[in-house]
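First the structure, in the form of structure tokens, and then the observations on it.
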Amino acid sequence: MDTYKNNILILFAHPALQKSRVNRRLITYVRDIEGITFHDLYEAYPDLHINIKREQDLLVKHDIIVLHHPIFWFSTPAIIKEWFDLVLVHGWAFGREGNALKGKKLLSVISTGGRESLYQKNGFHKHTIGDFLLPIKQTARVCKMDYLPPFVVHGTHTLTPEEISRYGEVYRDIITAFRDDEIDLEKVRGYSLINIHPEEIIIHKENR
Ligand SMILES: Cc1cc2nc3c(=O)[nH]c(=O)nc-3n(C[C@H](O)[C@H](O)[C@H](O)COP(=O)(O)O)c2cc1C
């Protein structure tokens, strides 16, 4: 587990993976990256009976926690909410004595059916996608975690297979770069989404 600079846990949730067009493809780019722990929550807990101790042990062993899911009703699939409610308990995840997650990074990886133009202050949804992720951002802050700008795939219904592949490649490159500590965090924090300019945030060894 200590072979790489950062241990990354991908918590994935899609309640109908057999019907998925986008996320089913995206996960193929990351689930087998060496040194990454890929954890499919609906596969592990189809009846939503989450093993709290197992989840907490997993969290402790990793430096970067990725929450990967489609956006459903401007929020997460139900199992992610259940996971938050049960796993992130007072005295462990937050509160004066709750420091188990302190300093770990949290990255949301999400997909929306709605196009990017809908997720603008003057667009149909009246808010940016970052606004809709506020409960996750604030949860991370209360748990003393370092919340990163999200990786967002907008407009899933009209994406071509080539476009999905491109998102997959960028997802793979960003996760691999995090694993190897090759992400320019200062630049990342300057963007609203982590995947806007991937070439700007990945530090290639030859440029060091
Ligand atoms: C129950 C449900 C609720 C959804 N709610 C939203 C939503 O609030 N905003 C949005 O942009 N897309 C919404 N969508 C569209 C999904 O985000 C989209 O189908 C998904 O990201 C595509 O990924 P997939 O191909 O892996 O399923 C919803 C879809 C379902 C099934």
**Request:** Could you go through the side-chain contact (heavy atoms from CB on, under 4.5 Å) check for D63 and Y4 one step at a time?
**Result:** CA-CA 11 Å; D63 310 297; Y4 296 100; over 6 Å; no

**Request:** Report the C-alpha separation of R21 and T156 in whole Å, then their side-chain angles, then the decisive distance to 0.1 Å, and conclude whether the side-chain contact (heavy atoms from CB on, under 4.5 Å) test is met.
**Result:** CA-CA 8 Å; R21 203 171 73 89; T156 53; 5.7 Å; no

**Request:** Might you work through the side-chain contact (heavy atoms from CB on, under 4.5 Å) test for W83 and L88, ending with a clear yes or no?
**Result:** CA-CA 8 Å; W83 183 94; L88 305 182; 4.2 Å; yes

**Request:** Test side-chain contact (heavy atoms from CB on, under 4.5 Å) on V109 and V30 and set out the steps.
**Result:** CA-CA 12 Å; V109 174; V30 293; over 6 Å; no

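By the criterion of side-chain heavy atoms lying less than 4.5 angstrom apart, applied directly or through intervening Ile, Leu, Val, Met, Phe, Trp or Tyr residues, I203 is not grouped with I196; the two fall into different hydrophobic clusters. L9 is connected to I50 through a chain of hydrophobic side-chain contacts under 4.5 Å among Ile, Leu, Val, Met, Phe, Trp and Tyr, so both are in one cluster. Note on F12 and L48: separate hydrophobic clusters, where clusters join Ile, Leu, Val, Met, Phe, Trp and Tyr whose side-chain heavy atoms are under 4.5 Å apart, directly or indirectly. Residues L133 and Y191 do not share a hydrophobic cluster, defined by chaining ILVMFWY side chains whose heavy atoms lie under 4.5 Å apart. F178 and L101 fall into different hydrophobic clusters, where Ile, Leu, Val, Met, Phe, Trp and Tyr residues are linked whenever their side-chain heavy atoms come under 4.5 Å apart, directly or through other members.
Taking the side chain as every heavy atom from C-beta outward, I136 and T76 approach each other to under 4.5 Å.
Among residues at least two apart or in separate chains, there is no salt bridge (Lys or Arg N to Asp or Glu O under 4.0 Å) pair with a member in residues 24-34. Listed by first then second residue, pairs satisfying salt bridge (Lys or Arg N to Asp or Glu O under 4.0 Å) with a partner in residues 140-164 read K105-D146, D146-R189, not counting sequence neighbours. Applying the salt bridge (Lys or Arg N to Asp or Glu O under 4.0 Å) test to every pair with at least one member in residues 111-124, sequence neighbours left out, gives these pairs: K121-D131.
In this structure, the separation between CG on L11 and NE2 on H39 is 6.0 Å, given to the nearest 0.5 Å. I183 CD1 to I202 CD1: the interatomic distance, rounded to the nearest 0.5 Å, is 5.0 Å. The distance from atom CG of L134 to atom OH of Y147, rounded to the nearest 0.5 Å, is 8.5 Å. Taking CZ of F38 as the start and NE2 of H68 as the end, the distance is 7.5 Å to the nearest 0.5 Å. The distance from atom OG of S117 to atom NE2 of H154, rounded to the nearest 0.5 Å, is 9.0 Å. We find the CG-CG distance between D180 and N6 to be 8.5 Å, quoted to the nearest 0.5 Å.
Within a 6.0 Å sphere centred on CD of E199, other residues, nucleotides and ligands contribute more than 12 heavy atoms.
Between F74 and H127, the ring center distance fails the sub-6.0 Å criterion.
Considering T112, L159, I110 as possible partners of V153, the one that fulfils the side-chain contact (heavy atoms from CB on, under 4.5 Å) test is L159.
Counting only distance, with no hydrogens or angles, the side chain of N7 and the backbone of G35 share no donor-acceptor pair below 3.5 Å. Between the D184 side chain and the K187 main chain, a donor and an acceptor come within less than 3.5 Å of each other. A donor-acceptor pair is defined here as one N or O able to donate and one able to accept, closer than 3.5 Å; such a pair exists between the side chain of K104 and the backbone of H62.
Here the closest non-hydrogen pair linking I79 and A13 is CG2-CB, 3.6 Å.
By the 30° and 60° cut-offs, the orientation of the rings of F151 relative to Y171 is tilted.
A salt bridge links D57 to K53: one of the charged nitrogens lies within less than 4.0 Å of a carboxylate oxygen.
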